[in-house]
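Every chain is numbered from 1, with letters handed out A, B, ... down the list of sequences.
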Number of protein chains: 2
Amino acid sequence: MAALREYVAKNGLKFTKQRELIAEVFFKGAGHLSAEELLERVREQDSQVSLATVYRTMKLLTDCGLANPHRFGERQTVYEPSETGEEHHDHIICQDCGRIFEFFDERVERIQDEVAARHGLELTSHRMELYGRCVRANCENKKN
Amino acid sequence: MAALREYVAKNGLKFTKQRELIAEVFFKGAGHLSAEELLERVREQDSQVSLATVYRTMKLLTDCGLANPHRFGERQTVYEPSETGEEHHDHIICQDCGRIFEFFDERVERIQDEVAARHGLELTSHRMELYGRCVRANCENKKN
DNA sequence: ATTAATGCAAAAGTTTTGCATCGTT
DNA sequence: AACGATGCAAAACTTTTGCATTAAT
């Protein structure tokens, strides 16, 4: 939030109440929110905000490194607050119902370091996405 | 290809020359092809094929488990032939020199299945990318 | 002969953009 | 006052669908 203010100031941009509100809603939210979902929540507080502004603000947040857009299986782009290292997690996505689960596995993290070392690299970051299908009973949208 | 014929027969569908051509082009291609790109290649052989048919065929291939749709960073969905396990690999990328190394680690594969099961999903594919930097001596383009 | 598949065009859905106006600096 | 941001509507794109026609079974 402060980081956004800073970035905006540093780049000759303007800190509007829409940006403030959208950022606030975004950071308060549990992550994985689409522009449409963000708009809905934003409009609870200011019904005049437009979808275009949400998109423009999310692009801004992405540019300052505060948000990361993801396109998993779904139609829409969802945005996630940037990870601060501690809170890192990976994703597992159901291709039928589109739900996204998060997971963290310490063993994977260790193996990654080992693999990197084996290839003579020092790891800076990584990305791991598992795609699958909910077993029948659990899936919210089994297609057949 | 034979698998497609089988699936089609088993489900009372029809094995059309469009489906045959699209599947052929898809499997020949190096993966990561969008519907638009597939259409372009398909039309080199049959200029009458429509984009709708490409989409419909890719959905069919997805349903029989021969293709997997992915939405990475891009606008469009890209399709990848299903991995057969043996030939699967992940990537580790040096952010300095840009070299991409491939690796495969059986432990990671096992953990992935375990994680998927824990969340009630059956894994169809995954993507894992490690980003790092070559240690000085190895790097072809160390920047600092 | 049946009935699924195709091509086309229209529709649906998501994201971007042009422009007049508004609000921050 | 200057100029970036906003809201709106339209445009741009990707993907899906309705329908008359074609083709595989």
Side-chain angles (χ1 to χ4, degrees), chain A residues 4-26 32-40 42-43 45-64 67-79 95-96 98 141 143-144, chain B residues 4-26 32-40 42-43 45-64 67-79:
Chain A
L4 175 60
R5 253 195 164 93
E6 218 173 289
Y7 180 91
V8 156
K10 194 164 293 179
N11 291 74
L13 306 177
K14 286 162 184 175
F15 192 77
T16 64
K17 48 179 180 299
Q18 288 92 333
R19 283 178 178 172
E20 181 169 22
L21 175 55
I22 293 166
E24 190 186 305
V25 165
F26 171 64
H32 292 164
L33 293 168
S34 68
E36 218 46 90
E37 289 164 336
L38 281 165
L39 180 65
E40 196 177 314
V42 162
R43 284 196 167 160
Q45 306 205 45
D46 178 349
S47 62
Q48 300 312 300
V49 176
S50 76
L51 184 56
T53 296
V54 172
Y55 275 112
R56 287 189 276 230
T57 300
M58 292 319 294
K59 179 170 282 175
L60 178 66
L61 288 175
T62 300
D63 289 343
C64 27
N68 288 120
H70 290 284
R71 288 199 144 154
F72 297 128
E74 324 101 31
R75 241 172 229 296
Q76 310 176 98
T77 296
V78 294
Y79 301 88
Q95 296 178 315
D96 284 330
N141 183 34
K143 295 219 185 78
N144 40 23
Chain B
L4 175 61
R5 253 194 165 91
E6 218 172 289
Y7 180 92
V8 156
K10 194 164 291 177
N11 291 74
L13 307 177
K14 285 161 185 177
F15 191 77
T16 64
K17 47 177 181 299
Q18 288 94 332
R19 282 178 177 172
E20 181 170 22
L21 175 56
I22 293 165
E24 191 187 306
V25 165
F26 171 64
H32 291 164
L33 293 168
S34 68
E36 211 59 79
E37 289 164 336
L38 281 164
L39 181 65
E40 196 178 315
V42 162
R43 283 196 167 162
Q45 306 205 44
D46 178 350
S47 62
Q48 301 312 301
V49 176
S50 75
L51 184 56
T53 296
V54 172
Y55 276 111
R56 288 189 277 229
T57 301
M58 292 319 294
K59 178 170 283 174
L60 178 66
L61 289 175
T62 300
D63 290 343
C64 25
N68 288 118
H70 289 285
R71 288 201 141 159
F72 296 134
E74 320 100 41
R75 208 172 256 290
Q76 309 176 100
T77 295
V78 294
Y79 301 89

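The heavy-atom pair separating V78(B) from S34(B) by the smallest distance is CG1-N, 4.1 Å.
Proximity of residues 5-15 of chain B to DNA chain D (heavy atom under 4.0 angstrom from any strand atom) is restricted to K14(B), F15(B). For the segment residues 32-39 of chain A, no residue has any heavy atom less than 4.0 angstrom from an atom of DNA chain C.
Annotation: side-chain hydrogen bond (donor to acceptor under 3.5 Å, both in side chains) contacts of T16(A) (sequence neighbours excluded): none. When the side-chain contact (heavy atoms from CB on, under 4.5 Å) test is applied to L39(A), the partners found at least two apart in sequence or on another chain are E36(A), R43(A), V49(A), L51(A), V54(A). Residues forming a side-chain contact (heavy atoms from CB on, under 4.5 Å) with Y7(B) (at least two apart in sequence, or on another chain): N11(B), L13(B), L60(B), D63(B), C64(B). By the side-chain hydrogen bond (donor to acceptor under 3.5 Å, both in side chains) test, S50(B) pairs with T53(B), sequence neighbours left out.
Within the model, atoms OH of Y79(A) and CG of N68(A) stand 11.0 Å from one another, a figure rounded to the nearest 0.5 Å. Between E37(A) atom CD and E40(A) atom CD the span is 7.5 Å, to the nearest 0.5 Å. Put simply, NZ on K17(A) and CG on D46(A) are 7.5 Å apart, with the number rounded to the nearest 0.5 Å.
In this structure, Y79(B) atom OH and dT14(D) atom C1' are separated by 10 Å, rounded to whole Å. One interatomic measurement links the two molecules: CD of Q76(A) to P of dT16(D), which rounds to 14 Å at whole-angstrom precision. One atom, CD of Q18(B), and another, P of dT21(D), lie 18 Å apart when rounded to the nearest Å. When rounded to the nearest whole Å, the span between NZ of K59(B) and P of dT14(D) equals 17 Å. At whole-Å resolution of the value, CG in L51(A) and P in dA5(D) are 18 Å apart. Atom CG of D46(A) and atom P of dA5(D) are 17 Å apart (whole Å). Taking atom CG of L4(B) as the reference point, atom C1' of dA24(D) lies 14 Å away to the nearest angstrom.
Scanning atom types as modelled, no donor and acceptor separated by under 3.5 angstrom connect the side chain of R56(A) and the base of dG4(D).
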Show me the side-chain donor-acceptor pairs of residues 18-26 of chain B shorter than 3.5 Å, one per line, residues at least two apart or across chains.
from: R19(B); atom 1: NH1; to: K14(B); atom 2: O; distance (Å): 2.9

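The rotation axes computed at either terminus of the helix from dA1(C)-dT25(D) to dT25(C)-dA1(D) lie 30° apart, taking five pairs at each end and rounding to 10 degrees.
Taking a heavy-atom distance under 4.0 Å as the criterion, the stretch of DNA chain C touched by chain A extends 5' to 3' from dG13(C) to dT25(C).
The phosphate of dT6(D) (OP1 or OP2) has a side-chain N or O of T16(A) nearer than 4.0 angstrom. In terms of phosphate contacts, Y55(B) brings no side-chain nitrogen or oxygen within less than 4.0 Å of OP1 or OP2 of dT16(D).
Counting heavy atoms from C-beta on, the side chains of V8(B) and R5(B) never come closer than 4.5 Å.
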